[in-house]
Amino acid sequence: MLKPVVLPKNAFKLFFQSLKGLGTVYAPVKVSEKSYSFKEVHSPEEIAFEALRTILPPKKFFYPQEETLIRYKNGDFEEVQPEKKFQVIFGVHPCDLASLGILDTIFSSEPADSHYLKRREQSLLVGLSCMPDKHCFCNAMNADTAGSAYDLFLTDTGEEYFIEIRSAKGVELIKSLAEKVSDANPENHEAYKEFWKKREAAFSHGLETENLRSLLDLEWENQIWDEMGKRCLSCGNCTPVCPTCYCFDLVDIAGLNAKEGERVRQWDSCQFVGFAQVNGDFNFRATPADRLKFWYRHKLHGFDDAYGFKTCVGCGRCTESCPAGIDDIVQVVKILQGKKENKHYEP
Amino acid sequence: MLSSQGTVPRIAVESLTGCAGELLVILENLDKLLPYVRVVSFPFAQSQNDSGAVDITFLEGSVSNPHDLEKLKRIRAKSRWLVAVGNCAVWGCVQKSACSHCKVEDMLKAVYGQDSKIEVLPSTSLDEHVKVDVKLSGCPINATQFLSVTANLLQDHLPYITHKPVCLECKLKENPCVLIEDNLPCLGPVTAAGCGALCPSVGAACYGCWGPSQDAQMDAMAVILQEKGYAIDEVLNRLQSFGAPAKLFERMKFEVKNERV
Ligand code: SF4
Ligand code: SF4
Ligand code: SF4
Ligand code: SF4
């Protein structure tokens, strides 16, 4: 790991050009009044630097919404390999970097997902600092610093970017910009610390998570689950938008001549009634309340016993994307903790 | 291959009361099928039609008059697999929902005059009368799904058709949500996917033309739309436009509150 450097903002265009030199660059782009999406960009002007959360998280670059895994023909089958193409994802905030760290652990556990890992290998992640809004709670979930799943991380200190370098790929890129960057001096370090202090102070969620483990177990029968279940549309929006949700469906699409076809995987959601339905028309999670409660538990207490981390990184996407307003993790946890009165979810 | 006579499978494409939308989709894709099947009957597209037994019949339209009903029974009797194609055949579509709002006789008089001799029945879906082997909804159907259903049936497999909601396709396309951002009365959460989230992809609300998704949460949908300021009559009208069966609305009982998180 190289010592941090600073890049004056007026040299960002050159920085961007070097990124482009590596491959296709994706960055947050404004797609509507309130929404952003990671899309291919050709110039810095297209980037929405103010974007907090994109509709879909960056997991889509490594684990695409839909992909063909296998093609078969005349009794033989061929494993379809991910396209060989280098991608640069620019503007990834700490929560999303933390989520990729989590997905790296999950997808590299045996049996490892070679498609995900291959795409991770042929990419460069450039993190970017952010100022939280009212739905952000990454700092309560241990996901508010850059973690380890990045190559470069840019902190916006006003006139310049303070750049942390994490990987060999990152070192290479910074070396190519030697003319433009300089080693961070004590003043730059001060500005960096100042920024992160200000950012820490900007969180307004008031969420305390020490007792989450026991809370989710103890409150398994809390009536709030049924109350929220009655509002739940089972639309499944909470899961594709979650940066750590990884469930998929596999479908075989047969060709008409019976000799060829392909196997496709597509993101699925545990909020759909068919997800836990098995033969004999038995369903492990038959009602929206069952599914919603399962999801909350999975995000807040599903992985900590086995892996030591929670799979919610506090990005606030589910809260923003739930048409029923019931994916407000912060408020629901506070109600379960008895710190907030439950007057919203009563039927 | 499927045909019981050990010959090329015989298929038929027929219609009852519908708009011919599915027939057009099938016609457009017929060249892909032709190497594998014999089209023995497709009155919409060919003049020589045979009424003998077939391996698969794709049947569009709802049962809306006594003639439809007779025809449906005849088709069922001669078909090994009966595939209901399109919302009309699967759910009954707009003509069925119209029949739940007013008497079919009144509609007949309003449209064809007081002393019309036309015989009518309240519109119904195919499975209200006969056994339907495969239901492929759509308005019109999705060509990829149609080809995949056919490929499965040619192998004697019942096809796997999911009824996940339009929201899935919408989110996979990463559309901004018109229900949340624009407060449009989008029915994506309770409508079966297949169209590729056509309407929300161009900024419009889904009006449910594909028919209900599996276990559609009509009550919750009505609550959310009312909170957005839509009147309950309007909401129910919208939810019922495309033939969603009455039993999906039985759970609608709890009151609406305006308070949100
Ligand atoms: S559960 Fe919600 S807040 Fe937590 S990581 Fe997933 S989308 Fe973000
Ligand atoms: S919790 Fe919200 S986003 Fe998730 S399925 Fe229910 S209504 Fe949809
Ligand atoms: S726009 Fe409609 S279909 Fe798309 S996510 Fe929102 S509610 Fe679902
Ligand atoms: S979005 Fe809804 S209304 Fe539009 S085509 Fe699809 S199912 Fe029909």
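Note: hydrogens, waters and symmetry copies are ignored here, and every other heavy atom, side chains too, is used. The chains referred to below are lettered A, B, ... by the order of the sequence lines, with proteins before strands, and numbering in each begins at 1.
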**Asked** Can you pull out the residues in residues 231-239 of chain B with any heavy atom less than 4.5 Å from chain A?
**Response**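 The list, in residue order, is empty: none.
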
Residues of residues 179-204 of chain B contacting chain A, heavy-atom criterion under 4.5 Å, by residue number: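 Listed by number, the contacting residues are Leu179(B), Ile180(B), Glu181(B), Pro189(B).
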
Charged N-O contact under 4.0 Å between [X] and [Y]:
X         : Y         : answer
Asp133(B) : Arg80(B)  : no
Lys164(B) : Asp268(A) : yes
Lys293(A) : Glu219(A) : no
Glu227(B) : Arg231(A) : yes
Asp219(B) : Lys230(A) : no
Asp50(B)  : Arg10(B)  : yes
Lys34(A)  : Glu320(A) : no

*Does the side chain of Lys171(B) pick up a donor-acceptor pair with the side chain of Ser321(A) at under 3.5 Å?*
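There is no such pair (donor and acceptor under 3.5 Å, judged by atom type) between the side chains of Lys171(B) and Ser321(A).
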
Among side-chain atoms of Arg291(A) and Ser234(A), is any donor-acceptor pair under 3.5 angstrom?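 There is such a pair between these side chains.
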
Counting heavy-atom pairs closer than 4.5 Å to chain B, which one of Asp249(A), Thr319(A), Val31(A), Thr54(A) comes out on top?
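Max contact count across the listed options: Asp249(A).
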
**Item:** Minimum heavy-atom distance between Cys238(A) and Asp327(A), given as atom pair plus value
**Value:**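 Smallest heavy-atom distance, with atoms named: CB-OD2, 3.0 Å.
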
Note to self: Ignoring hydrogens, what is the shortest heavy-atom contact between Trp210(B) and Pro140(B)? Give both atom names and the distance.
What the structure shows: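 Closest approach of Trp210(B) to Pro140(B), heavy atoms only: CH2-O, 3.2 Å.
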
| If you round to the nearest 0.5 Å, how far is CG of Asp252(A) from CZ of Arg263(A)? |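 Spacing of CZ (Arg263(A)) from CG (Asp252(A)) equals 4.0 Å.
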
Review point. How far apart are the C-alpha atoms of Lys60(A) and Glu174(B), what are their side-chain angles, what is the distance that settles it, and do they pass the salt bridge (Lys or Arg N to Asp or Glu O under 4.0 Å) test?
Key: CA-CA 10 Å; Lys60(A) 68 176 184 179; Glu174(B) 207 172 359; 2.6 Å; yes

Sort Pro288(A) into side chain, backbone, both or neither according to what part of it lies under 4.5 angstrom from a heavy atom of chain B.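 Just the side chain, heavy atoms under 4.5 Å.
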
*Residue-level contacts of residues 269-278 of chain A with chain B, using a heavy-atom cutoff under 4.5 Å*: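 Listed by number: Phe272(A), Val273(A), Gly274(A), Gln277(A).
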
Which pairs of donor and acceptor atoms, one on a side chain in residues 145-153 of chain B, lie under 3.5 Å apart (sequence neighbours left out)?
unit_1    : atom_1 : unit_2    : atom_2 : d
Thr150(B) : OG1    : Phe146(B) : O      : 2.7
Asn152(B) : ND2    : Ser148(B) : O      : 2.7

